[in-house]
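What follows is a set of notes on a single structure, which appears directly below.
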Amino acid sequence: MKKISLKNVEIISFIIASILGVFFHFIYEWSNENPIAALFFPVNESTWEHLKLIFFPILLLSIAEYFLFGVQYKNFVFVKFLSAVIGMVITVVLFYTYTGVYGKNNDVINILIYFIAMILAYVFSYRSLRSKRFYGIPEQIGFYGFLLLFLMFVIFTLFPPEIGLFLPPSA
């Protein structure tokens, strides 16, 4: 049987994660605003809620990838955690940069930002795993990082602070 390459798995995971993120955008509404769905899917148009579209697909696909070859990489969980964080940071930086310069919120640009963030997250993941960057960093750090972000999504969905990141954009 032919061995599956890391590159191919990362490309396939990027495609699936991106599609899941687009699909996830609508699930809370489709669920009739189910409180359980609110923990995993955006409940409003805030930047924070839209970070769920990066985080949860990467988390789900990372779990699947781990069973394919995660044990081969001593840095797998940590790299996947960092790739999710990188995708989320890129989203925030690009969104606030363009809306600050342009002065408006534009759905087409938001969608482009989403795909740029996902591409860069998966490029980082592939290159870091391949280069063995971050070897020696305990996998528990990545695991607890994922857990912390998950808890933050739960807490800030239920109790969002009254600051811009957690508020839907105006116009």
Say whether, by atom type as modelled, one donor and one acceptor occur between the side chain of [X] and the main chain of [Y] under 3.5 angstrom.
X      : Y      : answer
Lys52  : His25  : no
Glu65  : Val9   : no
Glu45  : Pro168 : no
Glu49  : Val43  : yes
Ser128 : Ser125 : no
Ser13  : Glu10  : no
His50  : Ser46  : yes

With under 30° as parallel and over 60° as perpendicular, where do the rings of [X] and [Y] fit, or are they tilted in between?
X     : Y      : value
Phe78 : Phe134 : perpendicular
Phe55 : Phe153 : tilted
Phe56 : Phe150 : perpendicular

**Request:** List the steps, then state whether side chain to side chain contact (heavy atoms under 4.5 Å, CB included) holds for Val22 with Phe115.
**Result:** CA-CA 10 Å; Val22 171; Phe115 285 108; 3.9 Å; yes
**Request:** Answer yes or no: are there more than 12 heavy-atom neighbours, outside Phe23 itself, under 6.0 Å from its atom CZ?
**Result:** no
**Message:** Counting only heavy atoms from other residues, nucleotides and ligands, does the tally under 6.0 Å from CG of Asn32 exceed 12?
**Reply:** no
Ignoring hydrogens, what is the shortest heavy-atom contact between [X] and [Y]? Give both atom names and the distance.
X      : Y      : answer
Ala84  : Ile54  : O-CG2, 3.9 Å
Ala121 : Ile58  : CB-CD1, 4.0 Å
Ser18  : Tyr114 : O-OH, 3.2 Å
Phe124 : Val79  : CE2-O, 3.9 Å

Distance check, rounded to the nearest 0.5 Å: [X] atom [atom1] versus [Y] atom [atom2]?
X      : Y      : atom1 : atom2 : value
Ser83  : Tyr126 : OG    : OH    : 15.0 Å
Asn75  : Phe81  : CG    : CZ    : 14.0 Å
Thr157 : Tyr28  : OG1   : OH    : 9.5 Å
Thr91  : Leu53  : OG1   : CG    : 9.0 Å
Leu51  : Phe156 : CG    : CZ    : 12.0 Å
Leu151 : Leu147 : CG    : CG    : 4.5 Å

**Side-chain donor-acceptor contact under 3.5 Å, Thr47 with Tyr96** = yes
**Prompt:** Does a donor on one side chain sit under 3.5 Å from an acceptor on the other, for Tyr98 and Asn106?
**Reply:** no
**Request:** Taking the side chain as every heavy atom from C-beta outward, state whether Leu60 and Pro57 have any pair of such atoms under 4.5 Å apart.
**Result:** no
**Message:** Between Leu59 and Lys80, is there a side-chain heavy-atom distance shorter than 4.5 Å?
**Reply:** no
**Asked** Only one of Val92, Thr97, Thr99, Val93 clears side-chain contact (heavy atoms from CB on, under 4.5 Å) with Phe95; which?
**Response** Thr99
**Request:** For a side-chain contact (heavy atoms from CB on, under 4.5 Å) with Leu94, tell me which candidate from Ile116, Ile109, Val89 qualifies.
**Result:** Ile116
If hydrophobic clusters are built by linking Ile, Leu, Val, Met, Phe, Trp and Tyr wherever their side-chain heavy atoms come under 4.5 Å apart, do [X] and [Y] end up in the same one?
X      : Y      : answer
Met118 : Leu112 : no
Leu167 : Met152 : no
Ile90  : Val101 : no
Ile15  : Ile113 : yes

**Message:** Would Leu6 and Gln72 count as a side chain to side chain contact (heavy atoms under 4.5 Å, CB included) here? Give the steps.
**Reply:** CA-CA 11 Å; Leu6 176 64; Gln72 296 173 21; over 6 Å; no
**Asked** Given the rule in the side chain to side chain contact (heavy atoms under 4.5 Å, CB included) test, do Trp48 and Ile163 qualify, once you have shown the distances and angles that lead to the verdict?
**Response** CA-CA 10 Å; Trp48 175 258; Ile163 59 174; over 6 Å; no
**Message:** Between Leu149 and Met88, does the side chain to side chain contact (heavy atoms under 4.5 Å, CB included) criterion hold? Intermediate values first, please.
**Reply:** CA-CA 11 Å; Leu149 281 174; Met88 292 173 12; 3.9 Å; yes
**Prompt:** So, do Phe41 and Trp30 have ring centers that fall under 6.0 Å from each other?
**Reply:** no
